[in-house]
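Quick notes on the structure that follows.
We count ligands from 1, going down the list as the structure has it; atoms in each ligand are counted the same way. From a predicted model like this one, the values you see are computed outputs, not experimental measurements.
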Amino acid sequence: MDTQALKGSWQLVAQSGDQVPLFFYSALFLMYPETRGLFPASMATQRDRLVNALGHVVSNVDRVNELVPFLQQLGRDHRKFSVVAQHYPAVGQALLATLEHFLGDRWSPALARDWTAAYGLVAQVMTDAAEESSATTPPWWEGEIILHEARAPGIAVVRARLNYQYPFQAGQSASISVALRPKLWRFYSFANAPRRDNTIDLHVRVVDGGAVSTALVHGAQRGDILKIGAPVGDRLTLGPDAARELLLVAGGTGLGPLKALVEQVAYEGPPRAVRLFVGARTSRELYDLEALSKLEAENPWLSVVPVVSRDAFYRGEHGYVVDVALKAWRDQDVFVCGSEEMVQGSVARLLDAGVPSEQIRFDEFTAAGGRES
Ligand SMILES: Cc1cc2nc3c(=O)[nH]c(=O)nc-3n(C[C@H](O)[C@H](O)[C@H](O)COP(=O)(O)OP(=O)(O)OC[C@H]3O[C@@H](n4cnc5c(N)ncnc54)[C@H](O)[C@@H]3O)c2cc1C
Ligand code: HEM
């Protein structure tokens with residue numbers, strides 16, 4: 001297989017930008033109309049992830065060994081889109097038709113053969129992983145919303161009870177879909193450590209014009225059903241041996257997974273000092289103070305410090321949450337979570353201030369949730 005030719009041809013195709021997914025989906029839905037129902041009703045936004053991944057992954061087939069864990073996860077995850085093994089040849093054919101269209105004269109039987117073989121390999125890894133996991137894991141869990149609290153403008157705390165046991169770790173997230181916006185999946189972090197009653201909490205903030213966040217905050221109500229994919233992520237998880245003191249720096253709903261870590265220490269130990277700094281723009285956006293004060297009162301090792309950046313009348317700590325947190329840094333491990341901007345700015349400040357990079361853990365609430373290679 002000529003992998004240089006695969007990469008080179010994909011680079012050429014990718015130069016056509018948005019035209020590529022447009023052509024790909026037209027080809028797929030024309031040739032295989034039965035696949036249309038797997039995709040969201042509106043194909044207007046963010047529809048390039050599948051096509052980009054196809055081109056990227058398939059043309060990097062020479063690194064297939066390195067990509068195996070990612071592809072296995074992707075294959076298992078595709079079960080939540082109701083994708084089955086029989087759909088893979090359809091996508092392979094639409095991919096080939098797309099390459100042929102954009103490459104024109106440069107398309108050749110040799111390229112067609114190599115792309116077919118490479119796609120076959122990638123598809124095999126994904127379908128094998130999907131089949132293997134079907135025996136033990138459902139394609140998604142269902143969670144009935146049992147509590148929906150509007151806590152601040154544009155912020156809600158949602159509690160759902162899952163239908164089957166859901167093994168996850170504090171600090172993880174999952175891809176979630178809400179009945180009001182079917183077939184749209186977005187990542188949300190669990191704001192609690194696992195509980196015996198199989199409930200999970202989500203802290204959700206509306207993103208301007210956002211489909212799923214708006215539905216979760218303003219549309220969803222008690223009794224609605226969420227679909228919840230398998231738990232993912234190890235950026236913020238605490239191993240059982242991690243025993244250092246913790247400095248937790250939260251921006252907005254980035255508080256969720258950090259609160260889950262506090263609960264983990266409370267439930268499982270080992271005991272250690274934990275300082276949680278909770279950042280918000282205004283005091284009205286400090287949406288979880290009551291629950292945090294209760295946690296603080298119950299656990300003498302915990303201190304919670306709210307920090308507000310844009311509210312002249314606020315009486316507590318002012319400024320950027322990372323700057324206030326840094327004053328309390330005494331060699332603890334530091335965990336940061338929030339928007340992309342907040343996390344990148346905070347990590348840069350921590351490094352500048354001399355916090356060793358191996359003691360900084362962070363995760364960002366980005367739009368593109370996929371953890372591609
Ligand atoms: C690992 C992970 C965990 C997450 N956990 C949480 C959580 O616990 N709570 C929470 O409130 N959110 C969380 N998010 C963000 C969440 O996944 C969605 O991105 C967010 O809710 C917006 O989705 P939407 O469908 O409403 O917006 P979309 O309809 O997808 O997008 C609408 C517009 O907003 C932009 N946009 C989308 N998402 C963001 C974003 N996150 N930041 C800035 N602009 C954006 C888009 O580019 C688009 O222009 C997490 C993201 C990741 C990757
Ligand atoms: C080599 C094969 C494939 C690769 C590399 C691939 C890759 C991807 C990636 C990276 C995403 C985005 C993931 C996310 O947003 O969570 C995605 C989404 C999706 N894929 Fe695939 N995929 C493949 C095959 C297929 C097949 C065979 C189907 C079935 C027709 C399919 C249907 C979907 C659907 C329905 C989505 C959600 C799309 C959306 O919300 O816009 N994929 N794929």
Side chains of Ile155 and Val204 in contact at under 4.5 Å (non-hydrogen atoms)
no
Closest to atom 30 (O) of ligand 1 (heavy atoms only, candidates Arg205, Arg186, Glu364) is Arg186
Tell me, with the steps shown, if Trp141 and Tyr166 meet ring pair (Phe, Tyr, Trp, His ring centres under 6.0 Å).
CA-CA 8 Å; Trp141 281 253; Tyr166 186 77; 4.8 Å; yes
Test side-chain contact (heavy atoms from CB on, under 4.5 Å) applied to Arg272 and Val274, step by step
CA-CA 6 Å; Arg272 72 196 91 165; Val274 179; 4.1 Å; yes
Polar proximity ligand 2 side, Tyr88 side, N/O cut 3.5 Å exclusive:
no
Please indicate whether any nitrogen or oxygen in Asp77 is less than 3.5 Å from any nitrogen or oxygen in ligand 2.
no
Arg159 versus Thr199, side-chain donor and acceptor atoms under 3.5 Å:
no
What atoms in ligand 2 come closer than 4.0 Å to a heavy atom of Tyr119?
1 (C), 2 (C)
Backbone, side chain, both or neither: what part of Leu50 comes under 4.0 angstrom of ligand 2, heavy atoms only?
both
Between Val204 and ligand 1, does any nitrogen or oxygen pair lie at a separation below 3.5 Å?
no
Can you find a pair of side-chain heavy atoms, one from Val91 and one from Phe24, that are under 4.5 Å apart?
yes
Is any side-chain heavy atom of Val84 closer than 4.5 Å to a side-chain heavy atom of His87?
yes
Need the ligand 1 atom indices (1-based, order shown) with element for anything under 4.0 Å from a heavy-atom of Gly210.
24 (P), 26 (O), 27 (O), 28 (P), 29 (O), 32 (C)
Check ring-ring contact (aromatic ring centres under 6.0 Å, His included) between Phe102 and all other residues, then give those that pass, not counting sequence neighbours.
Phe23
Lys227 NZ/CZ over Trp185 ring centroid, <6.0 Å and within 45° of normal
no
Using a strict cut-off of 4.0 Å, indicate which atoms of ligand 1 neighbour a heavy atom of Thr253.
9 (N), 10 (C), 11 (O)
Check ligand 1 against Ser173 and write out every atom of the ligand that is under 4.0 Å from a heavy-atom position of the residue.
1 (C), 3 (C)
Ligand 1 versus Glu340: contacting region, heavy-atom distance under 4.0 Å:
neither
Enumerate the atoms of ligand 2 whose separation from the nearest heavy atom of Ala53 is less than 4.0 angstrom.
7 (C), 10 (C)
Do Leu22 and Leu95 share a hydrophobic cluster (ILVMFWY, side-chain heavy atoms under 4.5 Å, transitive)?
no
Check ligand 2 against His87 and write out every atom of the ligand that is under 4.0 Å from a heavy-atom position of the residue.
27 (C), 29 (C), 30 (C)
Quick one: look at Val207 and ligand 1, take heavy-atom pairs under 4.0 Å, and tell me if it's side chain, backbone, both or neither.
side chain
Looking only at side-chain N and O atoms, does Gln73 offer a donor or acceptor that is under 3.5 Å from a partner on Asp77?
no
Does the pair Phe39 and Lys183 meet the rule for a side-chain contact (heavy atoms from CB on, under 4.5 Å), with working shown?
CA-CA 6 Å; Phe39 290 85; Lys183 295 178 196 151; over 6 Å; no
Please verify whether a non-hydrogen atom of Phe39 lies at under 4.0 Å from ligand 2.
yes
Using a 4.0 Å cut-off to any heavy atom of Thr366, which atoms of ligand 1 qualify?
19 (O), 41 (N), 51 (C), 53 (C)
Check: of His203, Glu341, Gln172, min heavy-atom distance to atom 9 (N) of ligand 1 comes from His203
Close approach of Leu202 to ligand 1, heavy atoms, under 4.0 angstrom
no
Closer than 4.0 Å to some heavy atom of Val122 - which atoms of ligand 2 meet that?
1 (C)
